[in-house]
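A note on names: the letters A, B, ... follow the listed sequences, proteins ahead of strands, and every chain is numbered from 1.
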Amino acid sequence: MLDINLPGLSLKNPIMPASGCFGFGREYSKFYDLSQLGSIMIKASTQEPRFGNPTPRVAETEAGMLNAIGLQNPGVHKVISEELAWLEQYDVPIIANVAGSQIEDYVYVAEKISQANNVHALELNISCPNVKTGGIAFGTIPEVAAQLTKAVKEVSAVPVYVKLSPNVANIVEMAKAIEDAGADGLTMINTLIGMRLGLKTGKPVIANKTGGLSGPAIKPVAIRMIYEVSQAVSIPIIGMGGVQNVDDVIEFLYAGASAVAVGTANFVNPFVCPEIIEQLPARLNELGFEHVTECIGRSWKADAKTAHYSS
Amino acid sequence: MLDINLPGLSLKNPIMPASGCFGFGREYSKFYDLSQLGSIMIKASTQEPRFGNPTPRVAETEAGMLNAIGLQNPGVHKVISEELAWLEQYDVPIIANVAGSQIEDYVYVAEKISQANNVHALELNISCPNVKTGGIAFGTIPEVAAQLTKAVKEVSAVPVYVKLSPNVANIVEMAKAIEDAGADGLTMINTLIGMRLGLKTGKPVIANKTGGLSGPAIKPVAIRMIYEVSQAVSIPIIGMGGVQNVDDVIEFLYAGASAVAVGTANFVNPFVCPEIIEQLPARLNELGFEHVTECIGRSWKADAKTAHYSS
Amino acid sequence: MIKKELMVVTKHEKIAEHIFQLTLQGELVLEMGNPGQFVHLKVSEGSTPLLRRPISISEINKDKKQFTMIYRAEGAGTQLLSKKVVENVVDVLGPLGNGFPIDSVESGQIALLVGGGIGVPPLLELSRQLVAKGVKVQHVLGFQTNNAVFLEEEFAKLGTTIITTDDGSYGYKGFVTDAIKDHNLQFDTMFTCGPTPMLRALEKLHGQKPLFLSLEERMGCGVGACFACVCHTGDDPTGTSYKKVCSDGPVFKAGEVVL
Amino acid sequence: MIKKELMVVTKHEKIAEHIFQLTLQGELVLEMGNPGQFVHLKVSEGSTPLLRRPISISEINKDKKQFTMIYRAEGAGTQLLSKKVVENVVDVLGPLGNGFPIDSVESGQIALLVGGGIGVPPLLELSRQLVAKGVKVQHVLGFQTNNAVFLEEEFAKLGTTIITTDDGSYGYKGFVTDAIKDHNLQFDTMFTCGPTPMLRALEKLHGQKPLFLSLEERMGCGVGACFACVCHTGDDPTGTSYKKVCSDGPVFKAGEVVL
Ligand SMILES: Cc1cc2nc3c(=O)[nH]c(=O)nc-3n(C[C@H](O)[C@H](O)[C@H](O)COP(=O)(O)OP(=O)(O)OC[C@H]3O[C@@H](n4cnc5c(N)ncnc54)[C@H](O)[C@@H]3O)c2cc1C
Ligand SMILES: Cc1cc2nc3c(=O)[nH]c(=O)nc-3n(C[C@H](O)[C@H](O)[C@H](O)COP(=O)(O)OP(=O)(O)OC[C@H]3O[C@@H](n4cnc5c(N)ncnc54)[C@H](O)[C@@H]3O)c2cc1C
Ligand SMILES: Cc1cc2nc3c(=O)[nH]c(=O)nc-3n(C[C@H](O)[C@H](O)[C@H](O)COP(=O)(O)O)c2cc1C
Ligand SMILES: Cc1cc2nc3c(=O)[nH]c(=O)nc-3n(C[C@H](O)[C@H](O)[C@H](O)COP(=O)(O)O)c2cc1C
Ligand code: FES
Ligand code: FES
């Protein structure tokens, strides 16, 4: 009752760790069998290796956290040869998060990484708030986002999902531009831009000054945006932002997401993903559903049950 | 050590309740003497009386709440004759929050209410997320906001502060457009747009569907925006968004606010404003300040102490 | 006068499935007036859950400076509350709102008290005060099912008490309105508290008689400042005239507000 | 193996100004290895505070399945932790990271253990294990002031112990580096834990000898997944090569990473 089909992705269940919150899976593989997961959204890859931002890179806020990791990664070639190769031992489709500071960077990484055996979809990170150059503009100007999407679609061997930034006035406009540009799906939301100041120093706690706000605090914003976008586009959405438990997952599905990613909550409870997967069937039953797809978009759909989605 | 001077406002202290979270003061006057407050930002007034949105109008979220009151108020004439007249018994300058759905509405209300004896400044609510018609466009398109500001400045008998919406990609651009249009100050932030769905119903908890997210959850977004805007404009900022205690107030001042408003926290603790006012001097001393103004903008200013601000 | 006080838990028991009875002690009790008022509780120190929870006062003991509430532990806030033990403190704001008008019924007259589910508790103090005044009380108390029933004995001591359950697993099977009709209950004044559909049905059937209803609405401040809990008034059902459940209610006369 | 367990509080005491000593019991203790490892604690059930708190293990008792930590209650999370009483449970993730390499020093050799403030606790278990192995231990423990001093007796039982305070209100007045110089302390291997400026000074003065330092950094996951806690490596000080404090550390050899 948990299986779900999305462009490129035939998932055992709709639960996956969100990009940047699960590394490349090695650490959490010590806690449980990664094959249990619907998918894994691996950490962003860039063309060249990146060290990322100076530390401190994280700060806690009320019901949330700020991060400014700065896309640290060993570069796409090592990600493919070391990380993706290692992940092949697990029966789990990978969604590869692709980042860059210019269109050419994205195209380069997308072309290469989409050819890895276990990469079944790309997630274009056009919304990372922690990288100085370019980055953010891709996520806030619809035309730029569309152009990038087109360019990546041309080279990618697998379906392309685009990750939306919540730091915009009109999320629907952005989503439609990306859909029109040929994206196969959307993932949302990335972090809100935030800051915390130290009481004694008076200065930003995070070395990068601003950071991305994630965790339960941002869930209402994520739900609202998914609710709006899912009614305006016909490509599927993988939802995320503050998911902590099985009820949050159902709320995201109701809002219009077809699958749900868990980010920050992995830090709080490393077992959160398998726990949600285990609890989901019973919770769906209690609420009167026979299949997880019946929840999708229920907040705005008429009472008719949703047909089992197939791409 | 708490006094502060802002355009139109000569305040005993920098603490005031935020608009919509304190009615017109009557209820909280039963808890303490309103003359203790630096100022009061009264509930939004519109040209005609408004009932507002259907109920439920509020929902709780993690470290926050959603509201969609819908600008319920008895209309500007009654606000002047009944509410502002009643408030005259207190020695406290009033900031009148002005709302509307077209420029003419704002102009009408601003002209009238700015003439009341105890109204020392206006706060243009160009960012209410809960009103269908117009409203939000004023808060997300710089040109429109500027035009509105100009029109209101022409008729207002007192300085005009404009309240910024956080639901934009570029808050600095918005702030500058409003400064250029002649605003005397800014107040920020209003609520983020959010939603919560009921687990059993699958539908939005709030009758209006979306609501404005306030409370501690949004504080990092408020701090970041004030930090950015205060460095880009030369008019003062009254900061708000998730303030719960004296340390939060100091964080807002560090970010660049010259005074701080408390919203949602009044619902949790009706005594929060006088408690903060009482605790502020000792806390400032502990941190090594002799006057509250020394905190303003400390996050981005060089170590030099800020001169006592005077408008 | 409305006060905010850290009150001390003196008793806390589970009395039915998910239902807890909580007694708190403190000076605030001395401010309590008519039954039907409520308190606003902060159940945690931190910011989750953020808002206070409105809970009706079900028994008042001014001598001991104690009052009792009965609540259903379901969501995050009430579940946290249910973990408090004797000697813990609870942050209480209250008493809030206006209760049932005791003066509307005279000694010797008959009052019918109709409660539904978690709307039952405030009727207990009401019934006691009415009995003390010489009013004859009758109770019709509706619950969903068998193991949800509570306070039956306490009410039975004060007057005739009919229990109904939706599924007939205990007492009369059916709605309170059916029970009133079937038992042909007569009364001078009716007082009721419970889910809105029940209130609507009662207003429709008995609104021509003196009828006082206690309403529930999602609240922000609980004191009248935020305008979260307003309803339209009966004489201006779509206009701008309004009442606030928290400060004008929660008890209204039938017809006064639109349900 | 890293485990997550709800461990039971068996002892919890205030031992100096703002400083608490907490003993927990559970199966997780059996997984603990070299001293210098830490645990990651969730101090509340809800989402404030959201993140876990990293705290070093200061004593291990595998027979009793108990371990002890010493922490400063300052921010929101540690203040909440300080309210736990015996029989309460704490959500522990651990043991995490790699501790001090006991094998780097041999029986008969001299180890100098240098701690600063809240960096002192992990050195206690280290000292015990070194002594058990036949290593001669000396301690230099720096504190800010008089009433911040703790664990002096426990260390004194194991070897020479010099206490320093910044203000001279207790013991030697000055920094630990000054005390080492003034007392002309000799050692084969140094182990240290404390504030980064102290570690830097020690590395500069004594980095040519075997020196192991325990680092602190703000953490997200604590297990190596989030890249919050990275530092540059000594052989590539501005490049992309890195170590994670949580999973590669927190103990590093001098020169291995950039402080
Ligand atoms: C005047 C009044 C008197 C009440 N008296 C009682 C009583 O005596 N016993 C009792 O069990 N319940 C009573 N209620 C209902 C009680 O307030 C809710 O059950 C409770 O707030 C739910 O909190 P939670 O933490 O369980 O749920 P959550 O789902 O965590 O609540 C989330 C938010 O919604 C609000 N909310 C949820 N349900 C309701 C509701 N039915 N009414 C108002 N707000 C709600 C909460 O206050 C909170 O702000 C009363 C409500 C009102 C308005
Ligand atoms: C490997 C390691 C071992 C540690 N061992 C100890 C110990 O044995 N005893 C002890 O008292 N302290 C120790 N610390 C420091 C301890 O983690 C912090 O003091 C604590 O997290 C502060 O939490 P708070 O709730 O008091 O502060 P808050 O201000 O509420 O913390 C906010 C956020 O900042 C983080 N943070 C704040 N200060 C620090 C810090 N100095 N280091 C890392 N994160 C920080 C918190 O973990 C939290 O995420 C250790 C830190 C690390 C990295
Ligand atoms: C530490 C950290 C690192 C992240 N790194 C990335 C990243 O590399 N690429 C990306 O698209 N999103 C990244 N994100 C965003 C998350 O994938 C997710 O969109 C966001 O955190 C909201 O979900 P959450 O509230 O469940 O964490 C990161 C988030 C965190 C907390
Ligand atoms: C119930 C409620 C009503 C509000 N009404 C108004 C309003 O009428 N006008 C306005 O400008 N802002 C209004 N706001 C926004 C607040 O003034 C404030 O900007 C926002 O809530 C953030 O501050 P906080 O987190 O301290 O509540 C309202 C907020 C709440 C919670
Ligand atoms: S709850 Fe705020 S006005 Fe009633
Ligand atoms: S804290 Fe996450 S990698 Fe170290």
Side-chain angles (χ1 to χ4, degrees), chain A residues 17 20-31 43-44 46 48-75 78 199 205-207 211 214-217 219 242 244-245 248 263-272 275, chain D residues 1-6 31 40-54 74-78 91-94 96-97 196 215-233 236-249 257-259:
Chain A
C21 301
F22 205 75
F24 299 96
R26 286 183 195 269
E27 293 77 19
Y28 292 96
S29 75
K30 294 177 200 152
F31 292 106
K43 200 165 160 42
T46 54
E48 301 298 332
R50 284 179 59 97
F51 181 81
N53 293 323
T55 55
R57 294 178 171 186
V58 293
E60 196 182 46
T61 67
E62 296 267 1
M65 66 176 280
L66 295 168
N67 89 80
I69 306 297
L71 299 179
Q72 179 159 24
N73 79 96
K78 269 208 174 166
L199 196 65
V205 172
I206 287 191
S214 63
K219 199 183 76 173
Q244 288 189 294
N245 55 43
D248 292 336
T264 305
N266 290 288
F267 307 158
V268 181
N269 174 10
F271 297 97
V272 63
E275 278 176 15
Chain D
M1 218 186 77
I2 304 173
K3 286 198 170 163
K4 185 166 88 74
E5 184 178 350
L6 287 176
E31 308 292 329
H40 220 186
L41 306 180
K42 176 87 175 120
V43 300
S44 75
E45 284 180 41
S47 48
T48 44
L50 184 65
L51 297 175
R52 291 177 176 270
R53 299 295 192 265
E74 198 161 19
T78 50
D91 179 346
V92 182
L93 182 70
L96 302 177
T196 308
L215 267 59
E216 267 190 23
E217 189 48 80
R218 301 246 165 182
M219 293 188 173
C221 66
V223 301
C226 75
F227 290 74
C229 66
V230 298
C231 40
H232 283 285
T233 56
D236 182 21
T238 54
T240 58
S241 155
Y242 63 88
K243 295 277 178 182
K244 297 174 197 158
V245 171
C246 67
S247 52
D248 298 320
V257 297
V258 181
L259 292 181

Can you tell which part of [X] gets under 4.5 Å to a heavy atom of chain A, answering side chain, backbone, both or neither?
{"X": "D:Ser241", "answer": "backbone"}
{"X": "D:Leu51", "answer": "both"}
{"X": "D:His232", "answer": "both"}

As an exercise, state the distance from [atom1] of [X] to [atom2] of [Y], rounded to the nearest 0.5 Å.
{"X": "D:Arg218", "Y": "A:Asn67", "atom1": "CZ", "atom2": "CG", "result": "14.0 Å"}
{"X": "D:Arg53", "Y": "A:Glu60", "atom1": "CZ", "atom2": "CD", "result": "4.0 Å"}
{"X": "D:Lys244", "Y": "A:Glu27", "atom1": "NZ", "atom2": "CD", "result": "4.5 Å"}

Quiz item: cation-pi between A:Lys43 and D:Phe227, 6.0 Å / 45° =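 Pair A:Lys43/D:Phe227 counts as cation-pi.
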For chain D, which of A:Asn269, A:Thr264, A:Asn266 has the most heavy-atom pairs under 4.5 Å?
->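 Ranked by contacts with chain D, first place is A:Asn269.
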Region of A:Glu48 that comes under 4.5 Å of a non-hydrogen atom in chain D =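 Neither part.
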Interface moiety of A:Phe24 toward chain D, non-hydrogen atoms closer than 4.5 Å =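 Neither part, no heavy atoms under 4.5 Å.
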Shortest non-hydrogen contact from D:Ala228 to A:Val58?
->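 The answer is CB-CG1, 3.6 Å.
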Residues, nucleotides or ligands: over 12 heavy atoms within 6.0 Å of D:Glu45 CD =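 12 or below, so no.
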Measuring only between side-chain heavy atoms, which start at C-beta, is [X] closer than 4.5 Å to [Y]?
{"X": "A:Phe51", "Y": "D:Asp236", "value": "no"}
{"X": "A:Pro49", "Y": "D:Tyr242", "value": "no"}
{"X": "A:Phe267", "Y": "D:Leu50", "value": "no"}
{"X": "A:Pro270", "Y": "D:Val223", "value": "no"}
{"X": "D:Val230", "Y": "A:Arg57", "value": "yes"}

